[in-house]
Amino acid sequence: MSSPISSACARPEARPSRREVMAAGAAGFALAISPAAAYAAAPPTLAELIGRITEGAVPARGGIVFDIPQLVENGNSVDVAIQVESPMTESDHVRWIHVIAEKNPYPDMAASISVLAAAGPTSAPPCVSPPRKRSWRSPR
Amino acid sequence: MTTRAALFIGLSLAATMVSAQEIKPGSAFLSPEMLRQQSDEARNPGFLWVEQGGELFSRRSGGAPACIACHAGPERSLKGAATRYPQVDAASGKLLNLEGRIEQCRTQRQNEPAFGYESPELLGLTAYVASFSRGLPMAVATEGAAKPYLEAGKAFYERRQGQLNLSCRQCHDGLVGEKLRGDTISHGIGTGYPAYRLEWNGVGSLHRRLRACSLGVRATQFDYGAPDYLALELYLAARAKGLPLESPGLRR
Amino acid sequence: MSTFNARITMPAEAKAGEIIEIRVLVRHPMDRGGQVDAEGRIVPRKILNRLTVTYAGEPVFRFDMHTGISANPFVSFTTRAVETGDLLFEWREDGGVVFTRTARLVVT
């Protein structure tokens, strides 16, 4: 039932990961594409991306509650809630929350959220979709 | 003999269970998370279309008066209107659904070109008008002029179709609650439409959903607004009689 | 799609110092591009790439969106009510188009 895809849309990986297969199942018959050809620059690798964010600092674990369903209704839209423990005062507050999905063709997939001290204790649940798939289908 | 009698009783019990099966609304098959999102006007993206419909409703287009010029106070004057569609148009004798009625109003009373089925404008207006009936019981007329259409819809529902040779009934009465391609089979009554489907990333009409079902069993996909789907829509609405209208629904 | 509409849900008034939740739902296809169209051309990316929110002139929230954000994105965040003023919501779309909405918060 899926429409043929142009070779320009082929993903570089030879085999889809389990996660992609699951997402494809949920979306009917979604197929992953890499739009790399659309852009001159290749997307940054995970290490590059994390390096850019941490600027050399060694990350510490903890302090974050990340709420994402284990099994999603449909990969097109997945609600994610993020809570960070912080007093959110002028001297001690969260500046940025970055969401990175390493299996995504573009790892800096989702969001960078900036919150300010003035904001007070903050939770920011953006609605993001993990490895975004484009479905190719016959007109329905 | 005893075994046969027991078997017979068992069979007749099963038969009564199927016939007395209670038709459940589409929302009964949603996950708790999606159900919560559907009822939350701040979260259900279908309300973006309702909002667009609201803007169109009070906007003049060309020289014609806006919808609101006749339908003042739509939250009262159009309350429950959507629960009575599809209905037979008295003048033409044709079966019209809500989309058809809005297009008729637009072409015959406002003298404006039709929006076209499944256009964002018509979806918005339909969702807007339907939103005034949210939670009200479905109440389509099934007697008199509607009766032949209802019969045609019922025949369509029960007819095996397509390469898979399936009727609507085999799944939507016989396999309700079972899983099909990651979704749960519902009674297929369509009271949530126009609905926001995650698969579509947008709002679509019941006929778009019916076309997907037709494709699924590899049967003929009828056009949007085709008489076959209209008759089926009436039959589905009759099955849903008394159940709350849910548009804009949230579906997978 | 030329239709852009936004639904901003927040309390109309709050007590000074109270934490309020602001929920923002917008209509946008968030087209990540890369598909090949009927003429064989590659469709460019067109998403809302940033939402900024200022409250009484002060920036309080910024949400940078990338291609992983769903169509018709929803975001919710909290802020502290300090004074009566307008919250200005500004979305920036690829290509430079900017959409704005305002909502007033009365602080008692």
Side-chain angles (χ1 to χ4, degrees), chain A residues 4-9 11 32-39 43 49 72 74-83 88 95-101 103-136, chain C residues 14 16-26 29-83 85 87 94:
Chain A
I5 309 181
S6 151
S7 57
C9 302
R11 238 179 110 84
I33 61 159
S34 165
Y39 306 92
L49 200 66
V72 303
N74 183 309
N76 277 352
S77 171
V78 179
D79 279 19
V80 172
I82 303 160
Q83 271 189 308
M88 293 305 283
R95 279 162 57 212
W96 285 95
I97 299 168
H98 296 272
V99 182
I100 297 170
K103 300 277 182 180
N104 202 51
Y106 290 84
D108 56 340
M109 49 157 309
S112 309
I113 301 151
S114 165
V115 280
L116 285 106
T122 295
S123 67
C127 178
V128 302
S129 67
R132 178 83 181 274
K133 297 294 182 290
R134 175 67 56 185
S135 348
W136 297 78
Chain C
E18 196 182 327
I19 303 295
I20 59 161
E21 188 189 11
I22 297 159
R23 314 211 288 158
V24 186
L25 180 66
V26 288
M30 299 291 279
D31 193 342
R32 59 111 97 175
Q35 317 91 309
V36 178
D37 68 12
E39 277 85 50
R41 288 177 306 223
I42 288 172
V43 176
R45 186 184 98 160
K46 194 170 194 181
I47 64 172
L48 297 172
N49 56 49
R50 181 174 294 174
L51 162 67
T52 48
V53 184
T54 58
Y55 170 28
E58 291 286 315
V60 287
F61 183 75
R62 182 175 126 190
F63 182 29
D64 285 0
M65 292 173 270
H66 303 260
T67 49
I69 297 293
S70 69
N72 308 308
F74 170 78
V75 67
S76 145
F77 62 95
T78 54
T79 198
R80 196 192 300 275
V82 282
E83 57 178 305
L87 277 92
D94 287 347

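Just so we're on the same page: letters track the sequence lines, and every chain starts at 1. Small disclaimer: the values here were computed from a predicted structure and weren't measured.
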> What's the spacing between C/Met30 CE and A/Asn76 CG if we round to 0.5 Å?
Replying inline: 13.0 Å
> So how far is it from A/Asp79 CG to C/Ser70 OG, rounded to the nearest 0.5 Å?
Replying inline: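 Atom-to-atom, A/Asp79:CG and C/Ser70:OG are 8.0 Å apart.
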> Between A/Ile97 and C/Phe63, does a side-chain contact (heavy atoms from CB on, under 4.5 Å) hold up when you go through it step by step?
Replying inline: CA-CA 9 Å; A/Ile97 299 168; C/Phe63 182 29; over 6 Å; no
